[in-house]
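So the structure is just underneath, and the comments pick up after that.
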Amino acid sequence: MTENAMETLEPAQDPEWTTRYRQRLRAAMEELANQSEPISLQKLQELAALRVPLNDYDASVTKSGAVRAWNNLGWILTTGFEHAGWLHATADGGFRIAQQGVEALAAHSDPQDLYEACNIAYRDWDQLRKAVLTPPIADPESQVVHDTSGFAHAQRATAPVIAAWRSGGSAFSPGVDAWGSNSATALRDFLSDNPDPDGPLAGLASDEARLLAAELWVLLVSPLSDMVGSTKRSRVRNPLIPMAQTPPGLPWDISAHLEQGFIHAGQAMIATPWVMLSSAVNLLVHWHEQPVEVREAVWDDPWAFCDLTGEAAGVDARVAALLCVVVHPGSFTTVLRPTDREAIVQALRTDEDSLTGDVERDLKAITLRLQSEAGGAAVRYDQAPLLQAWSDAEGGRAWLVRGEVDQQNRVPTWVRQGIVSITVGKLTQLPKEPTQKSLSDLVDEHYSDLQVVKREAKKRDVLSFALGMSDGDLVATVDGGALRMGVVQDEPARLQSIGGMTLLTRAVAWYPDLAPEVKSLPGSIRTRVRFKGEDVLDLTDLAGALAALRPKDEEAERPEDLEDLAELDSASLDETTSPEEPTAVVETAVLACDDEALAARLHHADSTWISELLVSLNERRQVVLEGPPGTGKTFLVQALLEACGLTEAQSALVQFHPTYSYEDFVEGFRPVATSDAGGASLTVTPGPLKRIAEEARNAPSKPFVLVIDEINRANIAKVFGELYFLLEYRGAEVELLYSAGERFALPPNLFIIGTMNTADRSIALLDAAMRRRFVFLSMDSEEPALAGMLHRWCEATGRPTALADLRDRLNAEMTKRGLDPALAFGPSYFMREGVENPTSLDRLWRRELRPMLVEHHYGKHSQVDAWYPFPAWLYELGLEHPATADAGDTSVDEAGAGEE
């Protein structure tokens with residue numbers, strides 16, 4: 001049936017639909033108000049349907065397959081009603097009404113009025129979260145300047161919370177003693193006894209302590225620019241949901257301000273939420289322990305507040321710095337790590353600065369000088385060029401710039417034209433004097449529609465490319481499967497418009513004959529240059545290793561006709577795009593090859609099995625090849641990728657084992673060298689799945705393949721973690737465990753191929769849930785296309801077909817002796833160079849086949865040589881010389897041949 005035909009069968013919307021779904025919304029809210037605990041979505045639907053029954057139109061399904069009435073109910077509850085502050089959505093899809101929701105029901109008895117009030121609140125919320133706010137005016141000669149809209153939003157979010165801290169009240173529930181000593185102690189003790197609780201703080205009995213936790217989260221997450229608003233709101237709401245009394249809602253204005261931020265905290269900090277919350281409450285308990293005059297002084301004296309954070313036990317230094325800049329933004333920068341602040345002071349100090357030896361005061365003095373030099377503008381130490389100034393390494397810097405982006409490979413053009421570029425599609429011109437402020441403002445202006453996390457990432461790319469890269473720096477990029485390298489030239493970044501796209505370019509002298517294969521590079525380089533999502537990546541820690549790759553006698557070159565980049569014909573930068581060409585529609589990525597040619601190469605009887613594999617991959621995206629050892633599962637996958645034309649960058653292979661973990665596969669903490677001599681810090685590092693998923697997302701028309709060898713050797717549900725859900729629901733998104741605030745999905749052009757050895761009895765086979773998520777294709781010899789593979793290989797390579805007869809005899813005897821067919825030996829054991837040599841066959845028997853048979857017949861291993869007279873078989877099949885054959889080793893009692 002065609003799509004148009006299906007549409008004609010949909011019931012027509014009846015005139016009462018609007019009235020009915022708004023009545024159902026009110027009914028759902030009333031049911032929530034009658035409950036003292038969260039209600040699941042399914043239960044809420046049942047209760048609402050009893051009060052406002054569904055007719056045919058309500059019960060019809062949308063194009064996405066969802067029941068229309070419940071799709072509408074869930075959408076409005078989780079957008080309008082939740083963001084109005086009237087309810088909380090739980091992590092498992094349920095709901096809990098908030099006090100503001102109860103008050104809204106009382107104020108708006110008519111369902112239409114209730115819906116309209118919700119709409120107004122939602123529109124106000126939506127406008128405020130997107131608003132570009134002007135931060136308070138700061139004196140750049142005496143105050144640290146924070147001049148972004150994100151700073152203004154963070155200040156407005158934290159102001160009522162700081163006021164509640166000072167008064168001992170609550171920003172969410174006026175009159176409740178949330179910030180008092182008792183609440184702080186209760187929360188401190190709970191977190192001390194439960195260092196790794198779940199999100200809603202299960203087991204915390206005090207409602208006041210729960211309210212305190214929620215408001216502390218506002219202080220901790222509202223300033224962060226590298227956490228998305230939805231995750232911030234989730235952290236704030238979670239402690240409120242299980243409250244014994246009806247919880248307060250998250251005030252809509254505070255909720256809106258959480259959308260933006262101004263501090264780049266880093267994933268290492270964001271991924272440790274309980275360290276953050278414990279630090280904050282430990283500081284609060286310490287504050288309560290001080291005399292009244294000390295408690296009051298810290299609000300007016302930034303250095304007193306800083307000293308207080310340093311004295312408190314159990315306060316992470318990064319959290320202390322975060323709270324200092326939140327409470328006293330005029331005296332502190334956004335640099336949170338103490339070692340970074342020390343490095344900045346050491347690198348950027350001058351004789352003009354009146355330094356005291358106190359890092360915090362000295363950093364402010366240096367910041368005031370730099371602000372003066374910048375005309376009163378704010379300075380960001382975590383962005384180029386200041387980042388490179390204080391974190392500089394000896395021997396120059398090195399950069400990776402992604403060349404295979406926008407579904408194109410720009411590297412050949414770069415090398416030919418003597419440039420490197422990044423895409424900045426929304427910029428129209430560069431500032432006359434590119435500075436950190438002017439470029440940051442430009443990105444903020446033109447990319448205001450992006451989430452703040454993505455906008456900050458684009459800003460870092462632009463600043464690194466335009467201001468961080470300097471004359472003499474090494475630049476590297478990946479061209480297919482090869483690494484190309486060049487040297488940045490002493491020319492400014494330029495903006496070029498090409499076929500409707502805008503590129504920011506830098507002049508580079510490339511090494512013309514230097515193109516080593518990525519897979520041949522040292523592991524330290526190979527893992528960094530592949531599957532990175534950033535457009536510009538600082539590789540200075542690898543500068544020495546990259547420099548060592550350069551040929552001693554080869555100089556980097558620029559085309560002679562491009563010595564003056566101003567004369568560059570921008571239309572020739574990208575020959576794949578012209579102004580007249582419309583934007584290409586991204587086609588669905590598929591895996592395709594000449595299946596008959598591949599089947600012939602693999603010595604299959606025909607192409608039916610290969611065709612089924614390709615169909616399964618393109619339909620389901622996830623396939624497991626299962627079979628006995630030696631059936632060539634991994635070899636077949638590699639041959640398939642080559643036949644489908646995938647480059648080195650389009651595939652990755654990992655091997656699972658019993659200790660393989662989520663941190664190995666998806667993402668986890670890894671030590672990274674710091675600017676300190678010999679120092680290191682833990683940072684969240686993406687694993688192979690996340691890296692190749694990001695690469696696939698950036699080139700949606702190309703297929704990417706992740707091969708998981710021995711997939712059943714690991715705890716698959718544990719290794720995939722929350723991504724186990726995505727194996728079944730490819731279009732959905734989840735929040736990653738360590739990259740808090742990042743929504744992740746498996747892109748449709750990412751294919752996953754697993755291999756599974758069915759003979760491995762030391763591990764459990766995959767469960768039903770896993771089998772539901774993958775297509776399983778057998779590679780045993782019973783498959784018609786695979787039967788006789790070894791015989792055909794022998795004929796094709798001029799080897800005796802008796803090798804195939806030998807394998808068949810061996811496997812037949814194993815079956816006769818009661819062994820499972822899954823333990824049969826695959827053909828690849830006999831498909832080796834020189835295997836037909838009697839010495840090689842003897843070695844194969846003694847070193848590989850016999851030991852496995854001894855294990856299979858555990859307890860009766862002394863009879864293996866009698867049951868499997870391998871030397872005699874060689875003689876009988878003409879594979880062994882009579883002089884060396886042990887033809888006498890046939891003493892098996894014929895009467896007992898079938899007994900074990």
Side-chain angles (χ1 to χ4, degrees), residues 91 158 161-162 164-166 168-173 176-222 224 227 231-232 234-245 247 265-291 294-295 298 305-324 326-327 336-338 668-669 681-682 684 737-738 740:
T158 58
V161 178
I162 294 174
W165 181 351
R166 298 187 65 172
S170 168
F172 292 1
S173 294
V176 176
D177 186 20
W179 283 81
S181 178
N182 292 338
S183 302
T185 302
L187 180 58
R188 189 270 314 272
D189 292 346
F190 173 80
L191 292 174
S192 178
D193 295 337
N194 302 273
D196 190 24
D198 62 4
L201 301 178
L204 178 59
S206 167
D207 277 1
E208 290 78 10
R210 287 186 169 280
L211 191 55
L212 172 61
E215 296 185 18
L216 277 171
W217 275 125
V218 174
L219 290 185
L220 294 170
V221 300
S222 61
L224 306 186
M227 180 185 286
T231 302
K232 294 180 183 180
S234 177
R235 288 203 180 176
V236 174
R237 287 190 174 109
N238 276 340
L240 302 174
I241 295 172
M243 288 177 66
Q245 302 297 319
Q267 291 302 320
M269 178 175 173
I270 290 175
T272 55
W274 306 121
V275 171
M276 296 176 69
L277 187 60
S278 296
S279 295
V281 75
N282 287 341
L283 174 59
L284 178 59
V285 170
H286 181 70
W287 179 82
H288 275 294
E289 294 171 347
Q290 306 309 306
V294 174
R295 295 204 301 267
V298 299
F305 188 89
C306 182
D307 291 341
L308 183 76
T309 64
E311 296 166 358
V315 178
D316 185 280
R318 299 165 301 174
V319 176
L322 174 65
L323 292 174
C324 282
V326 167
V327 176
L336 302 185
R337 295 176 68 241
F669 286 111
S681 64
L682 290 177
V684 176
L737 177 63
Y738 290 101

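Note that the structure is a prediction, hence the values are computed from the model and not measured.
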For this session: May I ask you to decide if the ring planes of Trp179 and Trp165 are parallel, tilted or perpendicular, using 30° and 60° as cut-offs?
Result: parallel
[X] side, atom [atom1]; [Y] side, atom [atom2] - distance, nearest 0.5 Å:
| X | Y | atom1 | atom2 | answer |
| --- | --- | --- | --- | --- |
| Asp316 | Asn282 | CG | CG | 11.0 Å |
| Arg295 | His288 | CZ | NE2 | 7.0 Å |
| Leu277 | Arg188 | CG | CZ | 13.0 Å |

Please answer whether the main-chain N or O of [Y] pairs with a side-chain N or O of [X] as donor and acceptor at a distance below 3.5 Å.
| X | Y | value |
| --- | --- | --- |
| Ser279 | Val275 | yes |
| Asp207 | Gln245 | yes |
| Thr272 | Met269 | yes |
| Arg318 | Met276 | no |
| Glu215 | Ser170 | no |
| Ser278 | Leu191 | no |

Do the non-hydrogen side-chain atoms of [X] and [Y] ever get within less than 4.5 Å of each other?
| X | Y | value |
| --- | --- | --- |
| Trp217 | Pro239 | yes |
| Trp274 | Leu201 | yes |
| Leu322 | Leu224 | yes |
| Phe305 | Leu323 | yes |
| Phe172 | Pro247 | no |
| Asp177 | Asn182 | no |
| Thr231 | Val221 | no |

Can you name the closest pair of heavy atoms from [X] and [Y] and give their distance?
| X | Y | value |
| --- | --- | --- |
| Ala184 | Leu284 | CB-CD2, 3.7 Å |
| Lys232 | Ser222 | NZ-O, 3.4 Å |
| Ser173 | Leu211 | CB-CD2, 3.9 Å |
| Val176 | Glu208 | CG1-CG, 4.0 Å |
| Ala265 | Ile270 | CB-CG1, 4.3 Å |
| Cys324 | Cys306 | SG-CA, 3.8 Å |

Problem set entry | Verdict with reasoning, Ile162 to Val326, per side chain to side chain contact (heavy atoms under 4.5 Å, CB included) | CA-CA 9 Å; Ile162 294 174; Val326 167; 4.2 Å; yes
Problem set entry | Heavy-atom neighbours of Glu311 CD exceed 12 at 6.0 Å | yes
For this session: Check each of Leu216, Val319, Thr309 against Leu283 using the side chain to side chain contact (heavy atoms under 4.5 Å, CB included) test, and report the only one that passes.
Result: Thr309
